[in-house]
Amino acid sequence: MRYAETGYYLEIDLATGNIEKVETDPKLMEQHLGGLGTDVKLFWDRVPPEVKAFDPENILVFSAGLLCGTPAWGTNRTICSTISPQTNLLAYPMMGGFWAPELKFAGYDKVILRNKAPQLVYIWIHNDKVEIRDATHLKGKGAVETQELIRQELNEPDAQVAAIGLAGENRVFFASIEQSRSSASRLGSGAVMGDKNVKAIAVRGTKDVNIARGEEFMQHMEELKKFVLHRNENPLKGIEMVIHSGVGSPQAMRHVDEQWHTTGFSWGNARVRRKNFWTEEIYDNWSKSHWSAVKRFISCFNCPQQCGTLISFQDVPRYMMKCFSKLSYLLACQTENMDFTWRILHKAFEYGVDSFTTPQVLAFAVELYEAGIFTEADFKGCPKDNEGRFFWLLDKVAHRDGIGDYLADGIYWAARRIGKGAEAFDHNTIKKHEQMVVKLAMLDPIYFLMYTTNEKLSVTQMEGNFPQTAKGTPELKEMWVRDWIQAPNEKIKEYFMGWNPRGEGSNPYYPTPQMSSEIVDWMEMLHNIDDAIGLCAGMGSFCYKPAYHVHNYHKFISAATGMDLDKDSLKKIVNRNRNLHRAYHNMRGITRKDEKPPEDHWRHRFPELEEELLTTYYKYKGWNYDGIPTKERLHELDLDYVAEELIKRGILKDGEDEKNS
Amino acid sequence: MAKMKKIVKTITVDADRCNGCRACEVACSAFHATPKYSIVNPARSRIKVITYRLDDIFFPIFAGAYTKAGCEGRDSYIIDGKEYRECDFCRASCPTRNRFTDPDSGLPLRCDMCESDPPLEKPKCVEVCINDVLIYEEREEEVEEGEPIESIEIGVKALVDKHGLNEVIETVERVQLSKKA
Ligand code: SF4
Ligand code: SF4
Ligand code: SF4
C-alpha cells in the first residue's frame, strides 16, 4: 500500500500515442518527497543539459504535490515542470485550483509528456482509461473557454481541465496554462505545451488516496484549523499592506486599498514611481469598479480561504481572478481606470499569458515606439491612447503577428532580436526573466540574495515569512515577535529585533551577509517544502505568520506518509532537492556571473558588499565560489552521483572546494 | 398512542456563501472510511458540491434516498439564462449515473448525519466549513410512539418484496457482524 502518493506516473509519448501507467520506486518519496522534488530528479535522470525547450526530448511534467488529496488545507498545487524557452533552465510554474487532487484521485502522481503530437490533441484521463483525443476543432479557442467546451464534449461536469490558449499554441515564451481559478503562468510552460501540440489535459478521478495514520493526521488538522480561525478573526496589525494581513494568498480582491502597491511599485516598463498617486477620489472610483466586478469569492480545492474571485463585469464574459493581475496591466499601461483591468484580463486569460511578464512586454513595446526604435510602420493601425495600445499589442503578441513576433519572446530575447539599441530598455530581467516592477532606493541584502540566486527566478515566489521592512519602534518589534511561533529559532528573532528602518542596524549593511544568508536559506527551504508537498505558498512560505511552518510540516508529512520525519530529516530532503536543482542549472551554465540584478534595481548600489553577500551565501549553502555545490556538500546529501557528473563535465574541479570556499 | 420526543437534525445550506472548495467532500469521505480517516475520496462523500464556476453555480447537496429506477428527469431549470437538466441538481442515488454511488461496491451512499457513538457535536461537513455555508440545527420534536416501528416495517416489507426474505435476513446478519467488528 502506498500512502499520500499513489505510486504511479502516467507516461505519454505524444509522437507514437503510447500510454503507460508506471509504478514508481517507493524510495523516491523517501529521497525527494514528491512534486517539485521528484520532478527535479526526473529531469536530472532523463533530460540532458543540451536539450532545449522545443526539442522533442524536453518533457512537460504535470505533478501533484505529495499531500494533494489529503485533508490538509491548501494542498492543491499542480507543478508544471519543463525546460523554459525563455531561460533554458528547469522552470516549475505552479497552479492552485482543482487539478492536482483530481489527478491523485485518478490514481497518478504525475503525467509526463514527451515528444510532440502530430496534430493538436487533448488528453482525457478518467481513472485507468486514458485517451489522446483530437483537438483540431479547439484550435485558437480561449484557455478559459476551452475548459468548458471539453467538459461539455465529455459530458463530465466534474472533470478538471488545464488548457492553453492561442498564446500557448503560438509558443509565446510567456504563455500560461490556465485551470479553473488559477494558472501556471511563469516561464512559458504553456509554450512547451503548445509546442507539443497539446491543447488541454482533462482529468476525473474516483479512487482513494490513503493516509497512513489518519487519526493522528486529523489531530494536526484540528490544531491547524484553530489557528486559521484565530488568524481570520485577528488580522495582523502594523504591516505595510492590508492584503498581507491574513493567511492565504494576498487578499487582493477583498480590499480596494492599494496605496502600498500603487505608490511603491513602478509604473510603465518598471520606470516611474507615483508616490502621490493614492487619493480619496481614486479610492472611491476603484471601489465602485471593484465591487461591480466581484460576483463571488471562491477557493481552491480543500481550502477555506477563498482568495479567488469570479469576475462578472458588464458585457465582458466571465472569468476568475488571480492575485496581483488586478494591478499589473493597469500599472504598466499607466492608466487610472480600473475598468480597464477587468477588460484586458479577460483577453489575457483567454489567450493564456503570464500577468507579470506580459504587461511589462507591452510597456516595453510602447517605450521602443516612443524612442523611435519601433517605427510608425511597425505600429500601423495601433490606437493612440494607452489602453487602446495595450489591447492592440496584446493581440499582436498572442498571434505573433508583425512586431508581436519579437515581443512574444519576452523582453530579453526581443531586445536582442530588434537591436537598434533596444537592449537598453531591457532593465528589469534577471537570468532573462522579467521581475517584479519594484525599483527602490536602497539595496536590501535579503532581497538581493532572493532575486539573484534562487532557482525559481521570481522573487514573489521566494520571499515570505520574514518581514519585508524593518519596524520603527521597539514596541512594534516586540508586538511582531511575541506570537511569532513560525520563526525557526531565536536567532532569527534577534536579527529582526536588531533591524531598523534607518541609521544603525539598517540596510544595506544590516542584516549582515551572514544573517541575510541564514534568513534567505530558511525562507527558501519553506518554498522547497511547499513545492514538494503541493501546498499553496499563501498557507506557508509566502505569508506572514502562516498556518504551516517548520515546526509542523513534518507532522503532517509523517502522519500522511507513514515516514517518521523530524525537522532535520525534512530539511535534509528539501536541501537535497534544492542542491540537485542547483547542480542541474550549473550543468545548464548557471554560475556566479549570472546572479546579478539589473543596474538600476536599487538607486544605491554597493558592489563590494554585493560580492560579499554572494560569497557568504554560497559558503553557507555549501557551494564553491562560483555557486556550485561542493563535493562534500553533495556527499552529505547522498548526491555523490551528482558530484561525479559535475566533475566529469569539468563544472566542478575535484579538490578545488577548499581553495574556493 | 403515547407521544415521545425525538431529536431532528437539519442542515441549512446558505449556498450564496459557498466558495466551492469541497472541503466538505473531503471531510465526509475521510470520516466514513474504515478505519476512520484512512482514506480520502470525494467520490465516496455523502455531500457533493455541484459547481459550474463561470455560471456562478456553487450548490452543495446531500445524498438522498436510493431509487430503484431513474425517473425520466425531463424537466429543466433556467438559472441566470443557462439551462440545466433536472438531474443536475438531484440528490437521489439513482442507477442512471454515478452520483452518490460507492465507486467500488456500486452501493448507494446516503447522508447519515454522521451518526456515531458517541455522537459528534456537529456533522463533519459542517465542522470543516468555516465559512458558515452549512448551518446545523438540532431540535426536539414530539412524535407518535410506535410510528417509527411502523415505517421500518413498511421498509422491510418492500425489501422482502424486492430481494426475497433470505437475502434480507442474510444482509441483516452481515450488517450486524460488521457493526460488531
Ligand atoms: S490560500 Fe487561497 S490561493 Fe491558497 S489554496 Fe487557499 S484559496 Fe487557494
Ligand atoms: S466546505 Fe463549505 S464552502 Fe467549501 S464547498 Fe463545502 S459547503 Fe462550500
Ligand atoms: S452530515 Fe455527515 S454524512 Fe452527511 S454529508 Fe455531512 S459529513 Fe457526510
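Letters A, B, ... mirror the listed sequences (proteins, then strands); counts begin at 1.
Across all non-hydrogen atoms, the minimal contact from A202(A) to L154(A) is CB-CD1, 4.0 Å. The heavy-atom pair separating F227(A) from P546(A) by the smallest distance is CE2-O, 3.3 Å.
Contact annotation for C18(B): both backbone and side-chain heavy atoms come within less than 4.5 Å of a heavy atom of chain A. For E127(B), the parts sitting under 4.5 Å from any heavy atom of chain A are the backbone and the side chain alike. Neither the backbone nor the side chain of S312(A) comes within contact range of chain B, judged by heavy atoms closer than 4.5 Å. In this structure, chain B has no heavy atom under 4.5 Å from any part of F217(A). The contact between N232(A) and chain B is made entirely by side chain atoms (from C-beta outward), counting heavy-atom distances below 4.5 Å. Neither the backbone nor the side chain of E145(A) comes within contact range of chain B; no heavy atoms are under 4.5 Å apart. For D56(B), the parts lying under 4.5 angstrom from a heavy atom of chain A are both the backbone and the side chain.
The candidate with the highest count of non-hydrogen atom pairs below 4.5 Å against chain B, out of K104(A), K295(A), R151(A), is K295(A). In terms of non-hydrogen atom pairs under 4.5 Å with chain B, the most contact-rich of W73(A), F297(A), F98(A), Y319(A) is F98(A). If you tally non-hydrogen atom pairs under 4.5 Å between each of S299(A), G214(A), A212(A), P71(A) and chain B, the highest count goes to S299(A). Residue with the most contacts toward chain A among A30(B), C129(B), S38(B), A27(B): S38(B) (heavy-atom pairs, distance under 4.5 Å).
Residue pairs meeting the ring-ring contact (aromatic ring centres under 6.0 Å, His included) criterion with at least one partner in residues 53-74 of chain B, sequence neighbours excluded, are F59(B)-F89(B).
In summary, the side chains of Q305(A) and N19(B) do not present any donor paired with an acceptor at a separation below 3.5 Å, with no hydrogens or angles considered.
Considering only heavy atoms from C-beta on, F556(A) comes within 4.5 Å of L224(A) through its side chain. For the pair L229(A)/I130(B), a side-chain contact is recorded, criterion being any heavy-atom separation below 4.5 Å from C-beta on. Between E138(B) and M113(B) there is no side-chain heavy-atom pair separated by less than 4.5 Å.
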Step by step, work out the side-chain contact (heavy atoms from CB on, under 4.5 Å) result for Q306(A) and I298(A).
CA-CA 5 Å; Q306(A) 40 196 38; I298(A) 50 185; 5.8 Å; no
Given R22(B) and E102(A), is the salt bridge (charged side-chain N to carboxylate O under 4.0 Å, His left out) satisfied, shown in steps?
CA-CA 12 Å; R22(B) 301 171 65 197; E102(A) 200 69 37; 3.6 Å; yes
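The CG atom of N127(A) sits 8.5 Å away from atom NZ of K21(A), with the distance rounded to the nearest 0.5 Å. The CD1 atom of I47(B) sits 5.0 Å away from the CG atom of L134(B) when rounded to the nearest 0.5 Å.
Listed by sequence position, I39(B), V40(B), N41(B), P42(B), A43(B), R44(B) are the residues of residues 39-46 of chain B in contact with chain A, using a 4.5 angstrom heavy-atom cutoff.
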